[in-house]
Amino acid sequence: MKYQDSKDQLDTPKKILKVNHAGECGAINIYRSQILFSKIFFKDLVPLLESFVEDEKNHRDIFWEEIKSRNGVRCKSYWLCGLGGFAMGLISSLLGRRGIMACTWAVESVVINHLKEQLIYLASKNDRAAYLAVESILEDEENHRDTGFNEGGKSNILYQPFRLGVSLFTESVIRFGMR
Ligand SMILES: [Fe+2]
Ligand SMILES: [Fe+2]
């Protein structure tokens, strides 16, 4: 999705920050619910998922600091994103280890595409602070996506419908937030 100037009173950089902030709440809750499940069924995954949650909390704080410095407020759907994330994490866990990794791969792939488009837009607007905030999380998200890939999240064709569903859902949540 190409990012463009906003047509209402909230400018696009502010929208990007608020959507990313809410998205991080979603991500935190995806990994939290997967951790709850993994503590019983896939114990070896717990340390990895816990490290992901720490990254996502850090990302959330980065966006929140930048929102505050612009006198912004949190996204109206902040808690809804958290709830949606939690549900998606649970569904992926029910599909097993591969489901968890497929979810990670799909969510993070969509997120990374958006982050890259956001960087192009923010660079064109010379919004250095927002640019740096987005840029600072990119490497972590690439690491999450690649871990999902390396752990088999992309390899099994049976999970293709699930990956597609997760991608579409993530894409629509981001677009809805940016509207
Ligand atoms: Fe994140
Ligand atoms: Fe992530």
Side-chain angles (χ1 to χ4, degrees), residues 1 3 13-38 42 45-68 72 74-75 77-93 97-119 121-122 129-154 162-163 165-178:
M1 181 182 108
Y3 282 74
K14 270 190 176 167
K15 281 188 184 175
I16 287 175
L17 292 168
K18 122 192 135 99
V19 164
N20 290 9
H21 178 244
E24 298 298 348
C25 177
I28 290 168
N29 282 287
I30 291 175
Y31 294 124
R32 270 190 185 148
S33 67
Q34 290 176 342
I35 288 170
L36 279 181
F37 211 89
S38 298
F42 321 111
L45 285 184
V46 173
L48 176 72
L49 296 171
E50 279 175 344
S51 78
F52 286 178
V53 168
E54 284 315 303
D55 292 340
E56 307 300 6
K57 281 184 185 163
N58 186 24
H59 303 164
R60 178 193 58 189
D61 296 347
I62 289 171
F63 290 122
W64 183 234
E65 284 308 312
E66 196 47 42
I67 288 171
K68 277 196 296 188
R74 72 162 47 117
C75 186
S77 51
Y78 182 82
W79 297 114
L80 203 63
C81 279
L83 203 69
F86 199 85
M88 202 149 85
L90 270 188
I91 295 167
S92 68
S93 304
R97 182 185 295 270
R98 285 276 171 97
I100 290 177
M101 291 306 160
C103 181
T104 301
W105 180 84
V107 171
E108 303 284 8
S109 297
V110 171
V111 166
I112 288 162
N113 287 339
H114 276 274
L115 296 179
K116 288 185 173 165
E117 289 294 336
Q118 292 171 356
L119 288 175
Y121 175 85
L122 294 168
Y131 184 95
L132 290 176
V134 173
E135 191 193 33
S136 71
I137 72 159
L138 189 57
E139 199 182 319
D140 282 347
E141 308 300 23
E142 285 174 339
N143 173 39
H144 299 167
R145 177 200 59 193
D146 296 345
T147 305
F149 183 87
N150 293 331
E151 297 292 325
K154 184 76 203 307
F162 176 63
R163 279 191 291 268
V166 171
S167 301
L168 286 175
F169 181 72
T170 310
E171 185 71 42
S172 4
V173 169
I174 297 173
R175 280 173 189 257
F176 183 75
M178 287 302 301

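Both counts, for ligands and for their atoms, begin at 1 and track the order of listing.
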* Asked: What N, O or S atom of H144 is found closest to the Fe ion (ligand 2)?
  -> ND1
* To do: Check the side chains of Q118 and N20 for a donor-acceptor pair under 3.5 angstrom, ignoring hydrogens and angles.
  => yes
* Looking at the Fe ion (ligand 1), is one of the N, O or S atoms of E56 less than 2.8 Å from it? -> yes
* Determine, for E135 against K116, whether the closest basic-nitrogen to carboxylate-oxygen distance falls under 4.0 angstrom. => no
* Going by distance alone, is a donor N or O of one side chain under 3.5 Å from an acceptor N or O of the other, for E117 and H114? -> no
* To do: Just say parallel, tilted or perpendicular for the rings of H21 and Y78, cut-offs at 30° and 60°.
  => parallel
* Quick check: does D55 have an N/O/S atom under 2.8 Å of the Fe ion (ligand 2)? -> no
* Structure fact -> Taking the Fe ion (ligand 1) as the apex, OE2 on E141 and ND1 on H59 give an angle, to 10°, of 100°
* Taking just the N, O or S atoms of E108, which one is nearest to the Fe ion (ligand 2)? -> OE2
* To do: Of all N, O or S atoms in E24, identify the one at the shortest distance from the Fe ion (ligand 1).
  => OE1
* So does R60 pair up with E56, basic N to acidic O under 4.0 Å? -> no
